[in-house]
Amino acid sequence: MNGLVWKDATLLRNGLIYVAVFGVVFSMLFSESNVMGIVCPMLFSSLVASSFAWDDQCKWDMYAVSAGIPRNRIVMSKYMSSVVFITIGFAIGLAVSLAMPSLTGAGTDLESAAVVSVTGWVLSAIVVSISILVNYWTGSSVKAQYVSIVVLMASIAFLVSATIIASDLLGGNMLMVTGVLLVIAVLMFAGTYKASCARFEKRDL
């Protein structure tokens, strides 16, 4: 399993660097540094789609299955790789959120930065679970990739909007909102994993 995750990380090492640099530069455009706690993990969540594109280009799934790797393990590796990617984004987002106030002369709110960053990680976990499911169900055709992009963008817009609304309803208690989102993320991971495995088992490689 670790080898499958390492494979994705190695193939996307340049993408990881580019997204990290873009995330840091992007943060310079905002006076509110905490926004990076959500933006960075979201940026890194997009890498899961790139991993599918690489696998399709290299016919990786066909090779992996013929080598005796169980299909459910291949699917699980995508979830694990995604967790690694968004955790890197979480770390960068949190670091930027804590560093920016020092550079601008503003005070650092550690608690706020931590809560927002964790919320960003949880939102990104939900997004990648949807992205993985869509990639397994739509395939890798050009049309399918457009569908995947549309679904991904709609999911991000919906989740961010729902988080803001939920925060308002709960009196700005982001910790409670994050707790609810975490439960949803766990359920989404379990549900989309089963659905992705079912779809991948039926795919003729």
Side-chain angles (χ1 to χ4, degrees), residues 5-57 77-101 103-104 109 112-136 138 140 144-164 167 174 177-178 181-182 184-185 188-189 192:
V5 175
W6 180 250
K7 182 267 297 180
D8 283 342
T10 301
L11 286 174
L12 296 173
R13 61 185 181 278
N14 290 333
L16 288 167
I17 295 173
Y18 293 149
V19 171
V21 172
F22 178 77
V24 173
V25 173
F26 188 77
S27 68
M28 303 302 180
L29 303 176
F30 291 88
S31 57
E32 177 54 59
S33 60
N34 280 356
V35 73
M36 290 312 299
I38 291 180
V39 171
C40 268
M42 285 291 188
L43 288 174
F44 276 84
S45 71
S46 65
L47 291 173
V48 66
S50 299
S51 73
F52 277 98
W54 272 106
D55 287 352
D56 181 65
Q57 182 178 340
S77 72
K78 289 299 180 187
Y79 283 86
M80 293 182 65
S81 296
S82 299
V83 169
V84 170
F85 296 154
I86 63 176
T87 300
I88 293 173
F90 160 81
I92 294 173
L94 180 59
V96 171
S97 296
L98 296 176
M100 285 295 290
L103 297 176
T104 59
D109 188 343
S112 176
V115 171
V116 171
S117 296
V118 171
T119 302
W121 187 94
V122 176
L123 285 172
S124 300
I126 296 174
V127 168
V128 296
S129 68
I130 295 172
S131 180
I132 291 172
L133 177 63
V134 170
N135 274 280
Y136 274 117
T138 60
S140 56
Q145 290 303 312
Y146 283 129
V147 172
S148 178
I149 292 172
V150 170
V151 171
L152 183 62
M153 296 305 295
S155 300
I156 292 174
F158 172 77
L159 287 169
V160 172
S161 299
T163 300
I164 294 173
S167 177
M174 283 301 299
V177 173
T178 303
L181 289 173
L182 182 59
I184 294 174
M188 289 290 292
F189 259 60
T192 58

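We're numbering straight along the sequence, starting at 1.
Closest non-hydrogen pair, Val122 versus Leu182, comes out as CG1-N, 3.5 Å. Contact detail for Ser117 and Gly93: the closest heavy-atom pair is OG-C, 4.3 Å. In terms of heavy-atom proximity, Phe90 sits nearest to Val118 at CE1-N, 3.8 Å. Of all heavy-atom pairs spanning Ile86 and Pro41, the tightest one is CG2-O, 3.8 Å.
Sorted by first then second residue, the salt bridge (charged side-chain N to carboxylate O under 4.0 Å, His left out) pairs that include residues 91-100, not counting sequence neighbours, number zero. Legend: salt bridge (charged side-chain N to carboxylate O under 4.0 Å, His left out) pairs involving residues 43-55, not counting sequence neighbours, sorted by first then second residue: Lys7-Asp55, Asp55-Lys78.
No side-chain heavy atom of Val48 sits under 4.5 Å from any side-chain heavy atom of Tyr79. Counting only heavy atoms from C-beta outward, the side chains of Val127 and Leu123 never approach each other to under 4.5 Å. Inter-residue side-chain proximity for Ile132 and Thr192 is flagged as unmet; no heavy-atom pair is nearer than 4.5 Å. At least one side-chain heavy atom of Phe85 sits under 4.5 Å from a side-chain heavy atom of Asp8.
Atoms CH2 and CE, from Trp6 and Met80 in turn, are 14.0 Å apart once rounded to the nearest 0.5 Å. Rounding to the nearest 0.5 Å places CD1 of Ile130 at 8.5 Å from CG of Leu133.
A donor-acceptor pair under 3.5 Å is absent between the side-chain atoms of Ser131 and the main chain of Val128, judged by distance alone. Between the side chain of Ser124 and the backbone N or O of Met42, at least one donor-acceptor pair lies under 3.5 Å.
In this structure, Phe52 has its ring center under 6.0 Å from that of Tyr136.
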